[in-house]
Amino acid sequence: MQALSNLYLAPFENERTVRWLIPFGALLTLFGYFGPWVDHNAAALVVTGLDLGEYVKFLVPVRNGTISLWREGFYLPLATVSLTLSLFAFRGECGYNWIVRFLLLLIAWVASLNMLPPAWSPSRLMTDEFRLQSGAIGVCLAASLVSPLLALFPIRLSLSIVSLLGIGAMLFPIRNFWRILPTIGTLYQNNIVAGWGLYVMALGLIILIGGCWAIAERRR
């Protein structure tokens with residue numbers, strides 16, 4: 001394991017390079033998430049990762065139970081980015097200045113607030129349909145507010161949280177997407193393939209997780 005770790009971290013021995021992997025991975029994840037997962041020449045038929053959390057509710061196989069999936073799983077990339085930035089913005093190992101910390105927490109807020117459903121209202125957020133979603137938003141916003149305290153977490157705990165979230169953020173949305181892709185192809189009456197947004201998001205999450213581990217490795 002140590003040999004593999006050294007091989008992975010070899011290109012990132014420079015401290016300045018390592019600490020920028022986290023913000024770069026977060027931005028790349030969001031870029032892919034907001035990019036097209038279903039691409040189409042007609043802009044109105046393009047479906048982004050963000051759209052899928054609501055879009056799948058209107059697919060007939062999902063509505064009648066033929067395809068069973070965890071709808072909220074499509075928002076895991078947003079939660080992962082938000083919580084990761086809150087966990088690492090104030091860590092001394094990262095060495096970010098106050099301007100960078102402010103920008104990272106701003107991105108964390110943007111990511112978490114994008115989990116809000118369209119045309120939301122406080123009463124709607126409390127319904128059974130959106131209760132889990134609302135809870136995730138609340139946790140992410142609260143984490144950003146206490147980010148300096150989260151920096152006191154043991155590094156292993158922070159890494160465990162980020163790793164579990166990151167793996168889930170790749171597993172659930174991508175798995176669910178591949179399951180509904182044939183249905184979307186039938187709906188569009190075309191052979192639909194995954195857009196570049198899905199692959200860019202996955203790459204961003206890998207860099208995000210890798211950046212956190214690289215920071216921990218440098219500390220060790």
Side-chain angles (χ1 to χ4, degrees), residues 5-35 48-50 74-116 133 135-170 173 196-220:
S5 176
N6 291 338
L7 179 63
Y8 175 79
L9 295 174
F12 306 117
E13 283 301 314
N14 184 282
E15 184 176 351
R16 292 185 178 182
T17 302
V18 168
R19 67 177 181 171
W20 292 114
L21 288 176
I22 294 176
F24 176 70
L27 290 173
L28 192 64
T29 299
L30 294 178
F31 183 65
Y33 185 76
F34 294 126
T48 69
L50 177 63
F74 284 112
Y75 297 108
L76 273 175
L78 294 175
T80 300
V81 168
S82 182
L83 288 173
T84 300
L85 295 182
S86 295
L87 282 166
F88 281 84
F90 281 85
R91 290 204 74 95
E93 300 93 329
C94 297
Y96 300 130
N97 61 37
W98 282 94
I99 296 176
V100 175
R101 289 168 176 170
F102 171 78
L103 292 175
L104 292 180
L105 294 181
L106 181 62
I107 296 171
W109 270 66
V110 170
S112 59
L113 291 176
N114 267 282
M115 287 188 279
L116 286 168
Q133 213 165 311
I137 296 170
V139 169
C140 290
L141 293 178
S144 66
L145 292 175
V146 296
S147 181
L149 296 179
L150 298 183
L152 301 177
F153 279 8
I155 189 68
R156 289 183 178 274
L157 176 58
S158 296
L159 286 176
S160 298
I161 294 172
V162 170
S163 298
L164 288 173
L165 283 172
I167 292 170
M170 285 187 281
W196 57 261
L198 180 146
Y199 302 105
V200 171
M201 184 205 73
L203 177 61
L205 286 168
I206 292 171
I207 294 174
L208 182 64
I209 298 170
C212 296
W213 278 93
I215 289 291
E217 180 67 16
R218 287 194 63 82
R219 177 187 179 181
R220 188 185 68 81

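These values consider heavy atoms only, across backbone and side chains, with no hydrogens, waters or symmetry-generated copies.
Considering OH of Tyr33 and CG of Leu50, their distance stands at 5.0 Å, rounded to 0.5 Å. Between the OG atom in Ser82 and the CG atom in Leu87 there is a gap of 9.5 Å [rounded to 0.5 Å]. Atoms OG1 and CZ, from Thr29 and Phe24 in turn, are 9.5 Å apart once rounded to the nearest 0.5 Å. Note that the CG atom of Leu106 and the CZ atom of Arg101 stand 16.0 Å from one another [nearest 0.5 Å]. The CD1 atom of Ile215 lies 9.5 Å from the CZ atom of Arg91; values are rounded to the nearest 0.5 Å.
Scanning both residues, Cys212 and Thr84, for their nearest heavy atoms gives SG-CG2, 3.6 Å. Between Gly211 and Leu21, the shortest heavy-atom distance links the atoms CA-CB, 3.6 Å. Counting all heavy atoms, side chain and backbone alike, Leu85 lies closest to Ala108 at CD1-N, 4.0 Å. Of all the heavy atoms in Ala111 and Val81, the pair that sits closest is CB-CG1, 4.3 Å. Here the closest non-hydrogen pair linking Ala89 and Leu105 is CB-CD2, 4.2 Å. Asn114 and Tyr75 get closest at one heavy-atom pair: O-CE2, 4.4 Å.
Residues satisfying the ring-ring contact (aromatic ring centres under 6.0 Å, His included) test with Phe34, not counting sequence neighbours, are none. Residues forming a ring-ring contact (aromatic ring centres under 6.0 Å, His included) with Phe31 (at least two apart in sequence, or on another chain): Trp196.
Gln133 places a side-chain N or O within 3.5 Å of a backbone atom of Met115 that can act as its donor or acceptor partner. The closest donor-acceptor contact from the side chain of Tyr96 to the backbone of Phe102 lies at 3.5 Å or more, if one exists at all.
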Kindly indicate, with the supporting measurements, whether the criterion side-chain contact (heavy atoms from CB on, under 4.5 Å) is fulfilled by Leu78 and Leu113. CA-CA 9 Å; Leu78 294 175; Leu113 291 176; over 6 Å; no

Counting only pairs under 3.5 Å, give me each side-chain donor-acceptor contact of residues 197-210, with atom names and distances, residues two or more places apart or in other chains.
none

For residues 157-169, please give each side-chain donor-acceptor pair under 3.5 Å, one per line with the distance, not counting sequence neighbours.
{"from": "Ser160", "atom 1": "OG", "to": "Arg156", "atom 2": "O", "distance (Å)": "2.8"}
{"from": "Ser163", "atom 1": "OG", "to": "Leu159", "atom 2": "O", "distance (Å)": "2.8"}
{"from": "Ser163", "atom 1": "OG", "to": "Trp213", "atom 2": "NE1", "distance (Å)": "3.0"}

Please report, to 0.1 Å, the donor-acceptor pairs under 3.5 Å made by any side chain of residues 138-150, with sequence neighbours excluded.
{"from": "Ser144", "atom 1": "OG", "to": "Trp109", "atom 2": "NE1", "distance (Å)": "2.6"}
{"from": "Ser144", "atom 1": "OG", "to": "Leu141", "atom 2": "O", "distance (Å)": "2.6"}
{"from": "Ser147", "atom 1": "OG", "to": "Ser86", "atom 2": "O", "distance (Å)": "2.6"}

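Counting only heavy atoms from C-beta outward, the side chains of Val100 and Pro23 never approach each other to under 4.5 Å.
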